[in-house]
Amino acid sequence: MVWLRTAAAYVAVLLLALTINFALPRLAPGDPLSFLLPEDVLAEMTPEQEQAVLAEFGLDRPIMVQFADYAVGVFTGDLGVSIRFGAPVWDVILDRMPWTLLLMGWTLALTAVLGTALGVAAARRQGQMGDIGTTLIVLAVGSAPVFWVAMLLITLFAANLGWLPSYGAVPLMAQPGSADYILGIAERMILPVAALTLAQTSGVWLTARASMAVALSRDYVTFARAKGVRERDVFWRHALRNAILPIYTNITIGLGGLLGGALVVETVFSWPGIGQLVVQGVEARDYNLLQGVFLVATLSVVLANMLADLTYPLLDPRMRR
Amino acid sequence: MRYRSFLLALPIVLAASQATPQSLVPGESGNEVEPARFLSEINNDGPKEAERLTLGMWVAAGNVTTYTVGNSWNDWILWLMFDKLREPSPYVGNAEDWLATRVEQVSDDARVWEIELREGVEWHDGTPFTAEDVAFTFEYYREGPSNRWTHHASSVPRMVGIEVVDEMTVRLTSENPMPNFDRITAADLPIIQKAQWEGVENPREFTDIGIGTGPYRLVEYEADRFYRFEANEDYWRGAPVVKNLDIVMIRDPQTMFTALKTGEIDGAARPVPPELVVEWQDDPDLELVSAPTLWATLLDINFAREPFNDRELRRAITLAVDTAPMLDRILLGQGKPGTHSWPHVDSFWTDPTLNAPYDPDTARAILDAKGYIDTDGDGFRENPDGSALVWDLKTASNQPLFLRAAEMVEAQLAEVGLRISVESLDPGSISALWRSREFDLRIVHSTPHGMADQDMLIINYRGEANREITVDEERRAIVDRWLAQETPEGRLAVHYELQQYNTQWPNRILLWFPESTFAYRWEAYDNYVPSAGYGLFHKYSFLPNAARDDVADPIIFAQE
């Protein structure tokens with residue numbers, strides 16, 4: 001019965017999200033015509049001619065018909081044709097998805113490891129000078145706008161030192177699959193991953209630090225110490241295990257954002273991921289493309305939450321009951 | 001009405017005829033595009049040929065068809081693949097035969113033209129280029145979906161007869177006279193292959209690699225990410241001297257110029273910001289050339305909305321705007337200040353006497369007379385009905401120079417008692433303003449197609465949408481008379497009239513004409529040439545010297 005209620009809640013969320021995904025792009029001022037045709041061409045067009053252009057993408061039909069078409073398309077896998085790219089939306093998204101997964105996957109892994117390790121370490125030294133200094137640095141870096149961090153990295157490591165490339169994801173001239181190609185991707189990935197990791201680590205760090213600090217102040221920790229349990233075991237087996245749930249939640253939320261991409265960083269580094277696709281879709285008022293990207297982002301959040309729900313009991317025996 | 005228009009036109013026509021000495025080409029004003037200037041301190045002698053160049057572009061070109069290209073910052077990609085009947089462009093007035101060997105007016109009323117095509121030209125797939133392709137191009141653009149170029153067949157001019165005379169000759173007949181067909185339409189319309197496009201009903205979903213007759217073949221692309229071109233060794237005008245062009249999309253300007261500085265790209269096909277021009281003039285790796293692109297930045301007044309449908313009020317607004325300090329403070333002097341309403345100051349058909357003065361006293365007098373009075377003593381005027389006056393001024397958030405200009409306009413209009421609220425919107429919302437008309441004032445820029453193509457000014461007042469919003473019979477009468485002119489001289493004279501009318505009763509004021517400076521790494525390739533309207537990065541820069549001498553402009557070096 002609980003599972004039925006949970007499943008019904010997910011379905012309701014999905015339907016609500018579909019509606020919002022459909023409405024959101026259309027709420028922005030303008031329509032694709034202003035992207036497809038320059039002002040001087042629009043100036044000479046009659047309303048009938050404008051409708052003819054919109055009809056090429058089915059946008060001349062009543063809004064409810066468009067919504068019905070979209071809803072059916074979601075379940076049949078037909079998200080329509082991208083107005084900007086002239087290709088099926090799924091093809092465009094699938095083409096970009098690996099790049100976003102690569103970028104965001106590494107970012108999430110590094111953020112989780114670094115944030116947790118540094119946060120837990122900070123909790124151990126809470127209130128000491130080292131902790132205060134680390135807190136200030138992490139908060140300062142985490143508060144910096146990510147585009148600014150990205151530009152600093154480009155200026156330092158690409159422009160001044162010349163160690164790393166500043167844009168793109170692939171070396172154009174290398175044969176796909178070759179060692180040069182893979183190496184080229186790896187070195188192009190370093191700066192955007194670094195920018196995102198610097199920007200996002202503070203969230204995990206703060207959660208880990210606070211959660212661990214709370215756990216270390218609990219009675220069971222005091223009791224374990226009174227029993228004579230070794231400090232290392234108190235820390236790792238008693239405190240951390242209890243502190244891990246909020247950290248895990250934070251990381252799974254990040255997992256949900258994996259497919260959403262990183263709008264700013266992808267744009268600054270010309271990284272061909274979903275984030276840049278969103279920017280391009282917004283510019284062109286490409287309703288079909290935006291609906292598709294939002295759908296993918298929605299699904300990934302829902303799936304990540306489901307994953308969290310399903311795996312909590314593995315981490316916390318109390319939830320198995 | 002006709003009689004009144006004639007009287008209004010007469011002195012201007014006379015003035016135009018007096019201002020056009022015999023030495024001028026008929027239909028041209030004598031205005032010339034400023035020559036390109038070499039700006040670096042040292043003129044290095046780099047290679048004049050290259051095996052491969054990587055260039056950065058910043059405006060999406062989609063699938064590189066005439067349906068996904070249309071902005072003047074991306075059309076150079078299209079011209080790598082496609083040719084026109086005459087080249088280089090409609091912006092210079094002296095186009096040369098290219099795919100055509102003869103473009104001739106064959107009727108006195110300038111409605112019928114005959115085009116003889118060049119023998120031996122082949123498409124990239126090896127098939128011969130014939131009159132069928134040219135006729136198909138005009139038919140497709142007249143009947144098919146609209147794009148940036150379709151007006152050449154469907155509107156100004158509108159073709160009513162498209163006839164294949166023989167395998168290499170086409171005859172075109174238009175609804176109205178088209179005395180400038182040879183220097184505008186023929187020099188702007190890309191010719192597409194009938195075999196590839198016949199049967200394509202929805203060209204905006206066409207993702208095949210385009211087949212052209214141009215100097216480069218597109219061999220691979222991912223829309224808005226990268227485009228790989230290889231030289232067409234059989235190009236009829238001579239094999240390109242750069243054998244491979246890799247064009248990568250870099251949207252962020254800082255990233256683009258960093259990539260140029262580090263050598264990741266060999267040239268940046270976007271203008272260098274004024275501050276960077278100063279910094280890079282002594283850079284040993286880069287060379288800078290200021291090449292004319294014929295863009296302009298303008299303050300647009302929404303004449304479709306009250307109270308801006310009052311032409312005297314619009315005049316008062318433009319009289320209160322001083323463009324000279326904008327050039328100095330925003331562009332660091334790199335360009336020319338705006339002096340009138342339209343078109344580009346360097347166009348070959350622009351009236352050289354155009355001048356919209358900065359006259360805040362007259363602006364104040366007009367506003368007073370119209371009833372815009374400061375009734376509460378706060379230093380700002382109220383509307384004639386006593387309500388608060390606050391006009392919005394919208395501009396794009398990704399254009400920092402426009403934001404600075406908006407702040408200066410706000411301050412200048414405050415000097416005459418007008419309160420302005422500057423709003424920064426995302427570029428998509430700014431683009432939508434043209435159709436929604438949801439603005440009072442806006443700062444935008446206009447392409448060479450909009451600023452320096454004589455037909456486009458007419459199109460801006462001719463479309464159905466504009467018929468509804470241009471409630472101005474005098475202007476409409478001028479446009480109708482322009483359409484009836486059968487000679488380039490006649491068109492120029494009526495155009496002068498329209499330009500003067502627009503300057504006296506403006507819908508907009510041009511704020512500045514930017515000097516577009518481009519940078520490239522001279523050690524990779526050092527044989528670029530400017531072409532008015534296209535700047536420095538275009539196909540002529542990659543052709544052998546003999547093949548481009550007639551269409552490229554000279555560069556002025558400091559020592560000359």
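In the text below, chain A, chain B and the rest are named by the order of the sequence lines, each starting its count at 1.
Interface residue A:V170: only side-chain heavy atoms are found under 4.5 Å from chain B. Looking at A:A159, both its backbone and its side chain come within 4.5 Å of chain B, counting heavy atoms on both sides. For A:V81, the part lying near chain B is the side chain, with the backbone staying farther off; criterion is any non-hydrogen pair under 4.5 Å. Neither the backbone nor the side chain of B:T65 comes within contact range of chain A; no heavy atom of the residue lies under 4.5 Å from a heavy atom of that chain. For a residue to count as touching a neighbouring chain, one of its non-hydrogen atoms must lie under 4.5 Å from one of that chain's; by this rule B:D224 touches chain A with backbone and side chain alike. With a threshold of 4.5 angstrom between heavy atoms, B:E438 does not approach chain A through any atom at all. If you measure heavy-atom distances from B:R148 to chain A, the contacts under 4.5 Å come from both the backbone and the side chain. Interface remark: B:S446 contributes no atoms to any contact with chain A (heavy atom separation under 4.5 Å). At a 4.5 Å heavy-atom cutoff, A:F147 makes no contact with chain B through either its backbone or its side chain. Proximity to chain A is limited to the side chain of B:I265, based on heavy atoms less than 4.5 angstrom apart. There is no contact between A:V92 and chain B, counting heavy-atom distances below 4.5 Å.
A:Y167 contributes atom OH, which lies 16.0 Å from atom CD of B:Q254 (distance to the nearest 0.5 angstrom). Taken to the nearest 0.5 Å, the CZ atom of A:R285 stands 4.0 Å off from the OG atom of B:S429. With values rounded to the nearest 0.5 angstrom, A:S34 atom OG is found 11.0 Å from B:I430 atom CD1. Rounded to the nearest 0.5 angstrom, B:S431 OG and A:L37 CG are separated by 11.5 Å. Distance check, rounded to the nearest 0.5 Å: CZ of A:R84 to OG1 of B:T68 gives 10.0 Å.
Each of A:D95, A:N160, A:V282 has some count of heavy-atom pairs under 4.5 Å with chain B, and the biggest count is that of A:D95. Most heavy-atom pairs under 4.5 Å with chain B, from the set A:A169, A:P165, A:G168: that is A:P165. Contact count versus chain A (heavy atoms, under 4.5 Å) is highest, among B:R228, B:K261, B:R225, B:E220, for B:R225. If you tally non-hydrogen atom pairs under 4.5 Å between each of B:E201, B:M249, B:E205 and chain A, the highest count goes to B:E205. Listed options A:E283, A:E56, A:Q280 were ranked by heavy-atom pairs under 4.5 angstrom with chain B; first place goes to A:E56.
In this model, no donor atom of one side chain and acceptor atom of the other lie less than 3.5 Å apart for A:S82 and B:R204. No side-chain donor from either of A:Q49 and B:S146 sits under 3.5 Å from a side-chain acceptor of the other.
Under the 4.0 Å criterion applied to side-chain N and carboxylate O atoms, B:E264 and A:R188 are not assigned as salt-bridge partners.
Closest of all the heavy-atom pairs between B:A432 and A:G30 is CB-CA, 3.2 Å. The nearest pair of heavy atoms linking B:T262 to A:A158 is CG2-O, 3.0 Å.
None of B:D252, B:T258, B:T255 except one satisfies the side chain to side chain contact (heavy atoms under 4.5 Å, CB included) rule with A:M151; the exception is B:D252.
No more than 12 heavy atoms of other residues, nucleotides or ligands shown are found within 6.0 angstrom of CH2 on A:W106.
When atom types are taken as modelled, the side chain of B:N63 and the backbone of A:F85 share a donor-acceptor pair closer than 3.5 angstrom.
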